[in-house]
Amino acid sequence: MRIARFSIDGNVAFGAVEGDKPDELVLDIIKGIPFVDFELSGTKVPLSKVRLLPPVLPNKVVAFGRNYAEHARELGNEVPDAPFAFFKPSTSVIGPGDEIQYPSFSHELHHEAELAVVIGRMCREVPRERVKDVIFGYTCANDVTARDVQRREKQWGRAKGFDTSCPLGPWVETDLDIAAAADLTIQLTVNGEQRQLGRTSEMIHSIEDLIVNITEAMTLLPGDVILTGTPAGVGPLNVGDEVAVTIEGIGTLTNKVVKRG
């Protein structure tokens, strides 16, 4: 099931996305929230009549860096022996169609297409065999990075945590099992030109590795998001660019870059 979060007439709700053709998609509004047992209301609205929002509002976004060997090498970095985590604040999250604001303190903004894992229940110290039980679903992400700031400051808080640096969407796909999610095509285009193309099977550390690693240290809450790393091909974004992340079996997340006002 594809679960979207949307607004219509000033109201915010979750809905199940139905249909196959992009111009015929509809939302069956969910009663309540999707992280517990829920019912579909039977009230349906065309997707074209709503504004899609970030599919979840995470308490925290836990991101893992250098999890694809070719990407680590393209930036002159060593491949880490263990998962390498950093954080993006909840205020960095935007949804499909929202604007990425080019930060005033950077002159080298980069795109990074990523598979995002959405957590479905409170969990801590998750054993490997139980990882699948804490996953709600998967969505597309763009770990937008101020690369010059990342190099200069070493600590990545500002470089990867600025407002609008974490586009998520367009919805959460809940029907992918963890084995399928581990081998999906992931690609990114800028103004229709392909920049990144890889497969999630190229990850150094698996989805299970990442969730076991981070829950050894902290509790994850429903709606928290795990970013699993980016394949090679990262590169510059400029004001006016339209950037799109497409992941097999999930969908396409599109955003435009604008000058920060």
Exam field: side chain Thr174 to backbone Gly137, donor-acceptor pair closer than 3.5 Å: no
Just wondering, are more than 12 heavy atoms of other shown residues or ligands nearer than 6.0 Å to CE in Met218? yes
Please tell me whether Arg199 and Thr185 have a donor and an acceptor in their side chains that are separated by less than 3.5 angstrom. yes
Please answer whether the main-chain N or O of Leu184 pairs with a side-chain N or O of Thr200 as donor and acceptor at a distance below 3.5 Å. yes
Taking only residues two or more places apart in sequence, or in another chain, which ones meet Glu242 in a salt bridge (Lys or Arg N to Asp or Glu O under 4.0 Å)? none
How about Leu27 and Val17: do any of their side-chain heavy atoms sit closer than 4.5 Å? yes
With heavy-atom distances below 4.5 Å as the criterion, would you say the side chains of Ser165 and Ile100 are in contact? no
Looking at residues at least two apart in the chain, or sitting in another chain, which of them share a salt bridge (Lys or Arg N to Asp or Glu O under 4.0 Å) with Lys160? Glu112, Asp143
List the residues meeting side-chain contact (heavy atoms from CB on, under 4.5 Å) with Pro96, not counting sequence neighbours, and say none if there are none. Leu52, Pro170, Leu253
Got a sec, which residues hit salt bridge (Lys or Arg N to Asp or Glu O under 4.0 Å) with Asp209, two or more places apart in sequence or on another chain? Arg128
Does CG belonging to Asp23 count more than 12 external heavy atoms closer than 6.0 Å? yes
Is there a chain of hydrophobic side chains (I, L, V, M, F, W, Y, each step under 4.5 Å between heavy atoms) that links Val118 to Val93? yes
Starting from Phe84 and following side-chain heavy-atom contacts under 4.5 Å between hydrophobic residues (I, L, V, M, F, W, Y), which residues can be reached? Phe86, Trp156
Show the nearest heavy-atom pair for residues Val212 and Pro127, with the distance to one decimal. CG2-C, 4.2 Å
Taking the side chain as every heavy atom from C-beta outward, state whether Val134 and Leu220 have any atom pair closer than 4.5 Å. no
Does the side chain of Val190 reach to within under 4.5 Å of the side chain of Leu188, using non-hydrogen atoms? yes
When you group the ILVMFWY residues by side-chain heavy-atom contacts below 4.5 Å and let the links chain together, are Leu210 and Ile250 in the same group? yes
Answer yes or no: is there a side-chain heavy-atom contact under 4.5 Å between Gln194 and Gln187? yes
Can you tell me how far apart CZ (Arg5) and CD1 (Ile33) are? Round to the nearest 0.5 Å. 11.5 Å
In the structure I gave you, are the side-chain heavy atoms of Phe35 and Arg121 within less than 4.5 Å of one another anywhere? no
Looking at residues at least two apart in the chain, or sitting in another chain, which of them share a side-chain contact (heavy atoms from CB on, under 4.5 Å) with Thr91? Pro89, Asp163
Side chains of Ile207 and Ile211: does their closest heavy-atom pair fall under 4.5 Å? yes
A quick test of your reading: do over 12 heavy atoms of other residues, nucleotides or ligands sit less than 6.0 Å from CZ of Arg51? no
Please identify each residue that fulfils side chain to side chain donor-acceptor pair (under 3.5 Å) with Gln101, with sequence neighbours left out. none
Quick check against the 3.5 Å criterion: does Asn255 have a side-chain atom that pairs as donor or acceptor with the backbone of Gly95? yes
For the OG1 atom of Thr189 and the CG atom of Leu197, what is their distance to the nearest 0.5 Å? 11.5 Å
Residues at least two apart in sequence or cross-chain that pass side-chain contact (heavy atoms from CB on, under 4.5 Å) with Ile30, listed by chain then number, are Ile3, Phe14, Pro34, Phe38, Leu40
Examine distances only and state if a side-chain atom of Glu114 and a backbone atom of Ala116 form a donor-acceptor pair shorter than 3.5 Å. no
Test of understanding: clusters of I, L, V, M, F, W, Y form through side-chain heavy atoms closer than 4.5 Å, transitively. Do Met203 and Val245 belong to the same one? yes
Val62 to Ala85 - nearest heavy-atom pair and separation: CG1-CB, 4.3 Å
Interatomic spacing from CG in Leu53 to CG in Asp98 - rounded to 0.5 Å: 7.5 Å
Are Arg151 and Glu108 close enough for a salt bridge, meaning some N to O gap below 4.0 Å? yes
I want to check something: taking the side chain as every heavy atom from C-beta on, are Pro103 and Leu109 in contact at a cut-off of under 4.5 Å? yes
CD of Glu129: more than 12 outside heavy atoms within 6.0 angstrom? yes
Do any N or O atoms from the side chain of Asp177 and from the backbone of Ala179 form a donor-acceptor pair under 3.5 angstrom? yes
Going by ring pair (Phe, Tyr, Trp, His ring centres under 6.0 Å), name the pairs with one or both residues in residues 96-120, residues two or more places apart or in two chains. none
Results of side chain to side chain donor-acceptor pair (under 3.5 Å) for Arg158 - residues two or more places apart only: Glu153
Holding to side-chain contact (heavy atoms from CB on, under 4.5 Å), I want the full list of residues that pass it with Ser41, two or more places apart in sequence or in another chain. Asp28, Ile29, Lys31, Thr43
With hydrophobic residues grouped by side-chain heavy-atom distances under 4.5 Å, do Tyr138 and Val56 end up in a single group? no
Check: Phe64 main-chain N/O paired with Asn67 side-chain donor or acceptor under 3.5 Å: no
Assess whether side-chain contact (heavy atoms from CB on, under 4.5 Å) is satisfied between Asp133 and Val131, documenting all intermediate values. CA-CA 5 Å; Asp133 299 329; Val131 165; over 6 Å; no
Spacing of CZ belonging to Arg130 relative to CD belonging to Glu208, to within rounding of 0.5 Å: 14.0 Å
Hey, what do you get for NZ (Lys44) to CG (Leu25), rounding to the nearest 0.5 Å? 12.0 Å
Decide if atom CD of Glu99 counts as having more than 12 heavy atoms of other residues, nucleotides or ligands within a radius under 6.0 Å. no
Rounded distance (nearest 0.5 Å) linking atom CZ of Arg66 with atom NE2 of His205: 11.5 Å
If hydrophobic clusters are built by linking Ile, Leu, Val, Met, Phe, Trp and Tyr wherever their side-chain heavy atoms come under 4.5 Å apart, do Val172 and Ile94 end up in the same one? no
If you look only at distance, which donor and acceptor atoms sit under 3.5 Å apart when one is on a side chain in residues 222-241 and the other is two or more places apart or in another chain?
from: Asp224; atom 1: OD1; to: Asn59; atom 2: N; distance (Å): 3.1
from: Asp224; atom 1: OD1; to: Lys60; atom 2: N; distance (Å): 3.1
from: Asp224; atom 1: OD2; to: Lys60; atom 2: NZ; distance (Å): 2.8
from: Asp224; atom 1: OD2; to: Leu221; atom 2: N; distance (Å): 2.8
from: Thr228; atom 1: OG1; to: Leu115; atom 2: O; distance (Å): 2.7
from: Thr230; atom 1: OG1; to: Ala113; atom 2: N; distance (Å): 3.2
from: Thr230; atom 1: OG1; to: Ala113; atom 2: O; distance (Å): 2.8
from: Thr230; atom 1: OG1; to: Gln196; atom 2: NE2; distance (Å): 2.8
from: Asp241; atom 1: OD1; to: Asn191; atom 2: ND2; distance (Å): 2.8
from: Asp241; atom 1: OD2; to: Asn238; atom 2: N; distance (Å): 2.7

